[in-house]
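Side-chain atoms are counted along with the backbone in the values below, which use heavy atoms only and exclude waters and symmetry mates. Just so we're on the same page: letters track the sequence lines, and every chain starts at 1.
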Protein chains: 2
Amino acid sequence: MSLATNAADKPTLYKRIRADIEKRILTGEWPPGHRIPFEHQLMARYGCSRMTVNKALSELAQADLIERRRRAGSFVRRPQHMSAVLKIADMRAEITALGRSYGYELIHRKLRAATAADRDRLGVKTAGKVIAIACRHSADDVPFAVEDRLIDLSSVPEAASADFAREPPGSWLLHHVPWTEAEHTISAIVADDRTAEALDIAVGAPCLVIDRYTWRSARTITAVRLLYPGDSHRLVARFKGG
Amino acid sequence: MSLATNAADKPTLYKRIRADIEKRILTGEWPPGHRIPFEHQLMARYGCSRMTVNKALSELAQADLIERRRRAGSFVRRPQHMSAVLKIADMRAEITALGRSYGYELIHRKLRAATAADRDRLGVKTAGKVIAIACRHSADDVPFAVEDRLIDLSSVPEAASADFAREPPGSWLLHHVPWTEAEHTISAIVADDRTAEALDIAVGAPCLVIDRYTWRSARTITAVRLLYPGDSHRLVARFKGG
DNA sequence: CACGATTATATGTCTAGACATATATGTCAA
DNA sequence: TTGACATATATGTCTAGACATATAATCGTG
C-alpha cells in the first residue's frame, strides 16, 4: 500500500472521465453551449486511448448531458425541457413504501362485450370482450384510492381467468404484460356522492385523478382511472435537468 | 445494386444489434428474466468483433432494458417501477404549445430578510435574503395558473436585479440557472376565496397543485407553488416501462 | 451431506490502430 | 458579395487482440 494511489476503491478510467465532466456541467463550471475538450485532448490529459474517452463521452451523450457534433466537437446541452420522472408504482408498493399496511377490495368485476363507450374509452375501433373492474385500495384500513378499470380482452385474453378478487388488476397486469407504453393524465375534481362514499370523504372535497392508458406494441391493453383524496395524497417526482 | 443488401439506408451494425434485441424484448418474445445470447454467440451471429456487440448490450443496459451479470450473462429486466416522464415545461412554452396566446402579470414582488417560515419552506437552516413573488399566467386572456414563489438570494444573488415584471420568474431562472435537480409534489385542493378570485373560478372548485423545490448542487434555489383550475387543466405524461 | 477451495467463463475495461462520414472553414470564381 | 468547390478535422464505427474480475459450477474433503 505504498505506490498505488491510496484510494481504497478504483473506479475505472472511463468512469472517472465521465464523472469529471459531469461534475463540471452540474456545477455550472461548464455552462450550456460550452465546448468539451476534444477527444484527442482528453486522451492526452488522461493518458489513454481514444476508445476510452469515446466511451465516456458516448454515455454522457446518451444521457443527454452533452451533444456531439461531427467536426465541431461536443457541447454541453441546454436543459431541454423541464421533465420530471414521476414514479407511479403499483399500488401495493406505493402504500407499503409509506410504511402502511396494504388492503385491497374488489367492488365489482364484469365481463361483457365491448360497448360503444368502452371502445371509445380504450381508443380502439373494434374490440371483442372487455372486463370492467371497480376496486378500492386502502392504507391502514383507510381508503387510499378507488380504481375504475377497463381491460381489453382481445389484447390480454389471459385476464379472463385472473382472480381479481385476490390480486389487484394493476399488479396482475404488471406481472403478466411485460412491456408497455402508456399515457397519464393528471387532473383534479371534487368528489361527487359516489366517490365521497367510496373514499370516505366529504362531498365536494378535492380529489386527484390519474387517467392512465396503456398499450403494448400499439395494442390498447387497459384504461384506468384512479381517484385519490386530494388533500391527503401526494404524487412525488424527482427530476433532473431544469 | 446487386450484392449489397438493397436497404437504402445503412444503420450501423451495433445499432442493428441493439434494435434487434430491443424489439424482441418490447414484443415480449424475450420476457423479463430471459437470458440474452452471450456476447460470443452474438459475435458469431453477426460476424463482428466483441466490442461491437458489447457496445450494443452496454447501451441496452444503460437504458435499463437488460441487466448484465458477470459470468452469468445478460438478462431482460423486469419493468422495475412504473415511472412516467412528466413534461412540466416553462409556462410560456406550455401555453403556446397549446396554440394559445400567453399572458403574464406580476401581482407582487417583495425582497426581504428570510423569515422562519421562508427558511422552513426552502428547507434551509440559514438564509439571508429572499424574494417572494406572486404572479399569474393566462392563456388567451383567461387565467391559466397562479404562481407563488420564493427565491433564495444567497443561492441566486443575480435574481435581485432581474425584472420580474417583464419576465416570469420561471423563465428567468430556467435561463440563468443552468442545471438543477428538483422535487415535484402534485396534489389537489379546493379553491379558497383568494385563489378563486385570482383564477376566476368558483369558490370550492377543484385545483391542481404543483409544489416544486429546486436545488443546484445541494443548494436550494427556489420553492414554487402553482395552482391550476383542476377541471380545465391536465398534466400529460408519456412513459415507457410498465 | 455440508462446506471450503478451485476452476471455468462471461462480462468489464482497455489498446493502438483503421477507415468512414459529416461538416466547419477556407478558396476561388462569377 | 455570393455561391460552388475543395480540404481539413472531429466524431462514428469497427477490429483483433489483451488482461482483470466477479461468480456460477465443480470438485474434494471432513
Rounding to an integer number of Å, can you tell me how far [X] [atom1] sits from [N] [atom2]?
X       : N      : atom1 : atom2 : answer
B:Phe38 : C:dG12 : CZ    : C1'   : 16 Å
A:Leu42 : C:dC14 : CG    : C1'   : 16 Å
B:Tyr14 : D:dT13 : OH    : C1'   : 8 Å
B:Glu59 : D:dC14 : CD    : P     : 11 Å
A:Leu13 : D:dC19 : CG    : C1'   : 15 Å
B:Glu67 : D:dA22 : CD    : C1'   : 14 Å
B:Arg68 : C:dT13 : CZ    : C1'   : 12 Å
A:Gln62 : D:dG12 : CD    : C1'   : 15 Å

Apply salt bridge (charged side-chain N to carboxylate O under 4.0 Å, His left out) to B:Glu147 and B:Arg212, showing your working. CA-CA 11 Å; B:Glu147 174 176 337; B:Arg212 182 190 301 158; over 6 Å; no

Between A:Lys15 and C:dT13, does any side-chain N or O lie under 4.0 Å from OP1 or OP2?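 For C:dT13, OP1/OP2 do have a side-chain N/O of A:Lys15 under 4.0 Å.
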
Give me the atom names and distance for the closest heavy-atom approach of A:Lys55 to B:Ser58.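 So the minimum-distance heavy-atom pair works out to NZ-OG, 4.2 Å.
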
Under 4.0 Å between any heavy atoms, over every strand shown, what does B:Ser58 touch: base, sugar-phosphate, or nothing? Just pick one.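 Nothing, no nucleic acid heavy atom in range.
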
Keeping the roles fixed (side chain from A:Asp152, backbone from A:Thr222), state whether a donor-acceptor pair exists under 3.5 Å.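 Answer holds: no.
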
Using a 3.5 Å distance criterion without hydrogens, assess whether the side chain of B:Ser155 forms a donor-acceptor pair with backbone atoms of B:Thr220.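 Checking the backbone N and O of B:Thr220 against the side chain of B:Ser155, a donor-acceptor pair under 3.5 Å is found.
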
Go through residues 43-56 of chain B and report each residue with a non-hydrogen atom lying under 4.0 Å from DNA chain C, sorted by number.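 Correct list: B:Arg50, B:Met51, B:Asn54.
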
Are more than 12 heavy atoms from other residues, nucleotides or ligands located less than 6.0 Å from atom CG of A:Asp163?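 Yes, enclosed.
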
Salt-bridge present (B:Glu39, B:Arg68; N to O < 4.0 Å):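 Salt bridge between B:Glu39 and B:Arg68, a charged N being under 4.0 Å from a carboxylate O: yes.
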
Could A:Arg45 and A:Asp20 be called an ion pair, given the rule that one side-chain N must be under 4.0 Å from one carboxylate O?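 Salt bridge flag = no for A:Asp20 with A:Arg45.
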
Every protein N/O within reach of nucleotides 23-27 of chain C N/O, cut-off under 3.5 Å:
unit_1 : atom_1 : unit_2  : atom_2 : d
C:dA24 : N3     : A:Arg71 : NH1    : 2.9

Geometric cation-pi criterion A:Arg69 and A:Phe75, 6.0 Å radius, 45° cone: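 Geometry flag: set, cation within 6.0 Å and 45°.
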
Which label fits B:Trp172 and B:Phe164: parallel for a plane angle under 30°, tilted from 30 to 60°, or perpendicular past 60°?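 Answer is perpendicular, since the angle exceeds 60°.
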
